Amino acid sequence: PHYFVLAFLWIAFFVLTFIAWWAILFTARYPEGLFRFNVGVMRWSWRVAYYSSTGGLGTDRYPPFTLDDVPDSPAHFDVVYPERLSRGLVLVKSWLLAIQHYIVIGTLLGGAYVWGSGRWWGGSVWTGGLLGILVLVAAVILLFTARYPQPLFDLIIGLNRWVLRVAAYAALMTDRYPPFRLDQGGSEPVAGDAGIDP
């Protein structure tokens with residue numbers, strides 16, 4: 001049910017980001033109501049990903065249906081509201097400045113279908129990228145040991161943090177360029193960065 005609701009929320013997210021783009025271009029401000037909604041969509045998505053196989057299998061606790069922060073939730077996401085944003089950066093940051101991050105994230109997330117055309121095989125195979133492989137390894141380990149190895153958990157969280165920081169930057173929520181850094185475990189090291197705290 002979360003995926004069904006999130007599909008509609010992400011449609012609204014993209015429409016509101018387009019509107020925010022124009023607002024930032026003319027006023028250097030991200031309308032606060034739009035910002036709060038979009039952060040809520042990303043927050044909800046992260047909680048669902050953290051629970052499911054798409055982000056780490058980090059908890060057995062079912063995620064709540066809300067855009068708001070849930071203090072006792074095991075997964076958190078927040079972006080500090082910017083009072084002003086660069087009108088010039090809004091023209092280039094989502095596509096030009098973030099290209100190198102998109103290349104790295106494309107490798108981390110993967111996600112491609114390969115079709116076979118031979119006589120013996122005509123199906124398709126999904127390739128889930130590094131993050132998908134690591135979560136699969138975690139799932140197998142959890143299945144047999146009921147324990148999540150801390151180094152593997154930290155690596156998966158670090159990769160997700162990278163993806164979420166870039167997503168917040170590309171969604172125009174911050175002018176702070178996302179670092180090429182894998183932060184494993186604990187809280188985000190710099191206050192104000194887009195990040196998660198499982």
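Computed from a predicted model, the values in this text were never measured in an experiment.
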* Residues which pass side-chain hydrogen bond (donor to acceptor under 3.5 Å, both in side chains) with D60, listed by chain and number, not counting sequence neighbours ->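 Once residues adjacent in sequence are excluded, D60 has no partner under the side-chain hydrogen bond (donor to acceptor under 3.5 Å, both in side chains) criterion.
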If Ile, Leu, Val, Met, Phe, Trp and Tyr residues are connected whenever their side-chain heavy atoms lie under 4.5 Å apart, and connections chain through other members, are [X] and [Y] in the same group?
X	Y	result
Y3	L57	yes
V135	V137	yes
V70	F77	no
V48	F14	yes

* **Salt-bridge present (R36, D68; N to O < 4.0 Å)** =>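 Salt bridge absent between R36 and D68.
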Within the 4.5 Å heavy-atom criterion, are [X] and [Y] side-chain neighbours or not?
X	Y	answer
P82	R29	no
V166	W162	yes
M42	W10	yes
N160	R165	no
L67	V39	no
Y169	K93	yes
F35	N38	no
R43	D78	yes

* side chain to side chain contact (heavy atoms under 4.5 Å, CB included) between L34 and Y30: does it pass, once the steps are laid out? -> CA-CA 7 Å; L34 303 184; Y30 199 122; 4.0 Å; yes
* Asked: Is the distance between the ring centroids of W95 and Y102 under 6.0 Å?
  ->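 Centroid separation for W95 and Y102: 6.0 Å or greater.
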* Taking the six-membered ring where the residue is Trp, are the ring centres of Y177 and H101 under 6.0 Å apart? ->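 Yes, close enough.
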* Asked: Just wondering, more than 12 heavy atoms not from F8 lying within 6.0 Å of its CZ?
  ->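 Atom CZ in F8 is not packed in, count stays at 12 or less.
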* Look at the rings of Y148 and F153 and say which category their plane angle falls in: under 30° parallel, 30 to 60° tilted, over 60° perpendicular. =>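 Perpendicular: the ring planes of Y148 and F153 meet at over 60°.
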* Quick one: sort the W22 and F18 rings into parallel, tilted or perpendicular, breaks at 30° and 60°. =>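 Judged by the thresholds at 30° and 60°, the geometry between W22 and F18 is perpendicular.
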Check: [Y] main-chain N/O paired with [X] side-chain donor or acceptor under 3.5 Å:
X	Y	result
D175	L85	no
R147	L142	no
R87	L25	yes

* Evaluation steps, side chain to side chain contact (heavy atoms under 4.5 Å, CB included), between V163 and L159 -> CA-CA 6 Å; V163 169; L159 294 173; 5.8 Å; no
* Asked: Does the side chain of W44 come under 3.5 Å of the side chain of H2 through a donor N or O and an acceptor N or O?
  ->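 Yes, because at least one side-chain N or O of W44 sits under 3.5 Å from a partner of the opposite role on H2.
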